[in-house]
Every structure is written in structure tokens, then in C-alpha cells.
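Note sheet for the following structure.
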Amino acid sequence: MKKEDCIFCKIANGEIPSTTIFENEEFKVFFDINPASKGHCLIVPKEHYDNIFDIDKEVAGRLFSLAASVARSLKKQLNCEGMNLVQNNGEIAGQTVFHFHLHLIPRYTGDTVNVKWAPGQADVEELAKLAKAVASDL
Ligand code: 5GP
Ligand code: ZN
């Protein structure tokens with residue numbers, strides 16, 4: 001997708017309105033238009049990156065630091081009991097807006113949020129090989 005057609009670029013530069021919690025030169029934090037729970041918000045870098053596979057790693061670091069601050073403030077203000085941080089990458093993973101964004105989803109007893117998967121079985125030998133291969137490529 002071209003950057004000019006990206007809805008989160010437009011939200012980041014104020015062309016499309018959003019209920020903004022915080023912004024600085026680098027990031028914008030705003031409420032999700034279709035929240036999974038009360039307080040569900042998104043953190044985006046103002047620079048366009050499609051997803052985790054192309055985001056600048058320094059930017060990602062600062063974004064996560066901001067997420068920790070926002071999470072603490074949300075928890076205080078909403079009195080939520082927990083919070084899921086969700087970050088989808090690629091259509092297969094449920095990404096629908098192809099501009100990097102981190103979901104902060106406050107959790108409450110009896111809410112309808114579902115981020116569970118069916119647990120699988122690990123093959124320990126295969127995991128050991130994979131661990132080495134991934135580590136060698138970091
Ligand atoms: P994804 O499925 O890509 O991880 O999440 C995209 C999120 O963006 C969804 O939760 C959706 O509700 C939210 N969203 C899509 N369009 C808009 C919009 O125009 N404004 C806001 N505030 N959120 C949006
Ligand atoms: Zn964008």
C-alpha cells in the first residue's frame with residue numbers, strides 16, 4: 001500500500017481525526033475506533049512502517065518504553081485488572097491496517113476479549129536446532 005493511502009499515516013498527521021491520548025514528534029497514542037474493551041488504544045510511530053519486520057529497531061525500543069508508561073496510566077485511570085499488548089504482523093496474523101501499531105487492551109473480569117490459542121506440543125530436539133539457527137541470525 002502507498003503511504004498516501006495509509007489510514008494511520010493520516011491519523012498520525014492529523015488529516016483524519018482520532019481521540020488522541022498523547023503525541024510527540026515520533027509517536028501518536030489514540031483510542032481504537034472499535035474497542036475490544038474500555039480503554040483499548042493504539043500506539044503508532046508517525047513514520048510509516050508496515051510491521052515488525054521493517055520497523056526501525058531503535059524506534060521500536062522507544063515505542064515499547066512509551067507503551068509501558070501508557071499502560072501504567074491507563075491502569076490507574078481505568079482500574080483495569082490486567083492488560084494485553086497485541087501486535088499483529090501480516091494478514092495471516094490478523095493485521096488489517098498495514099502501518100505498525102501496538103494494541104493496549106485493558107482487561108476486566110467478565111469482558112469479552114479473547115486472545116487465547118490452543119496449546120501445542122513442543123519437539124524439544126527441533127526447538128534446540130531452531131534456537132541455534134535463530135540465535136545465529138540475530
Ligand atoms: P489490526 O487488526 O491491524 O491489528 O488492528 C487495526 C485496528 O485499527 C482495529 O482494532 C481497528 O478497530 C482500528 N482502526 C481501524 N481504522 C481506524 C480508524 O479510522 N480510527 C481508529 N481510531 N481506529 C481504527
Ligand atoms: Zn502509514
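Order of appearance sets the numbers: ligands from 1, and atoms from 1 within every ligand. Any value given below was found using the heavy atoms of this structure, including those in side chains, with hydrogens, waters and symmetry copies removed.
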**OP:** Would you mind checking which non-hydrogen protein atom is closest to atom 5 (O) of ligand 1, with the distance to 0.1 Å?
**Re:** His101 NE2, 3.0 Å
Original post:
Is the shortest N/O to N/O distance between Phe8 and ligand 1 below 3.5 Å?
Top reply: no
**OP:** Please write down residue, atom name and distance for the protein heavy atom closest to atom 23 (N) of ligand 1.
**Re:** Ile33 N, 3.3 Å
**OP:** State the atom name: nearest N, O or S atom of His99 to the Zn ion (ligand 2).
**Re:** ND1
**OP:** Quick one: report the N, O or S atom of His48 that is nearest to the Zn ion (ligand 2).
**Re:** ND1
**OP:** Classify the contact between Val86 and ligand 1 as side chain, backbone, both or neither, using a heavy-atom distance cut-off of under 4.0 Å.
**Re:** neither
**OP:** Could you tell me whether the side chain of His103 and the main chain of His101 form a donor-acceptor pair under 3.5 Å?
**Re:** no
Original post:
Of the backbone atoms (N, CA, C, O) and the side-chain heavy atoms from C-beta on, which set of Phe98 has a member under 4.0 Å from an atom of ligand 1: side chain, backbone, both, or neither?
Top reply: neither
Original post:
Just which atoms of ligand 1 are under 4.0 Å from any heavy atom in Phe30?
Top reply: 21 (C), 22 (N)
**OP:** Run down the list Asp32, Leu42, Asn34 and name the one with the heavy atom closest to atom 10 (O) of ligand 1.
**Re:** Asp32
Original post:
Do any N/O atoms on Thr96 end up under 3.5 angstrom from N/O atoms on ligand 1?
Top reply: yes
Original post:
Which distance, rounded to the nearest 0.5 Å, do you find between the CD1 of Ile105 and the CG of Leu42?
Top reply: 8.5 Å
Subject >> ligand 1 versus Asn88: contacting region, heavy-atom distance under 4.0 Å >> reply: side chain
Original post:
N/O to N/O below 3.5 Å, does that happen between Ile7 and ligand 1?
Top reply: no
Subject >> Atom indices of ligand 1 within 4.0 angstrom of Gln95 heavy atoms, with elements >> reply: 3 (O)
**OP:** Please confirm whether Ile11 comes within less than 3.5 Å of ligand 1 when only nitrogen or oxygen atoms on both sides are compared.
**Re:** no
**OP:** State if Gly94 counts as touching ligand 1 under the rule of any non-hydrogen atom under 4.0 Å.
**Re:** yes
Original post:
Which of the numbered atoms in ligand 1 are below 4.0 angstrom from a heavy atom of His103?
Top reply: 1 (P), 4 (O), 5 (O), 7 (C), 10 (O)
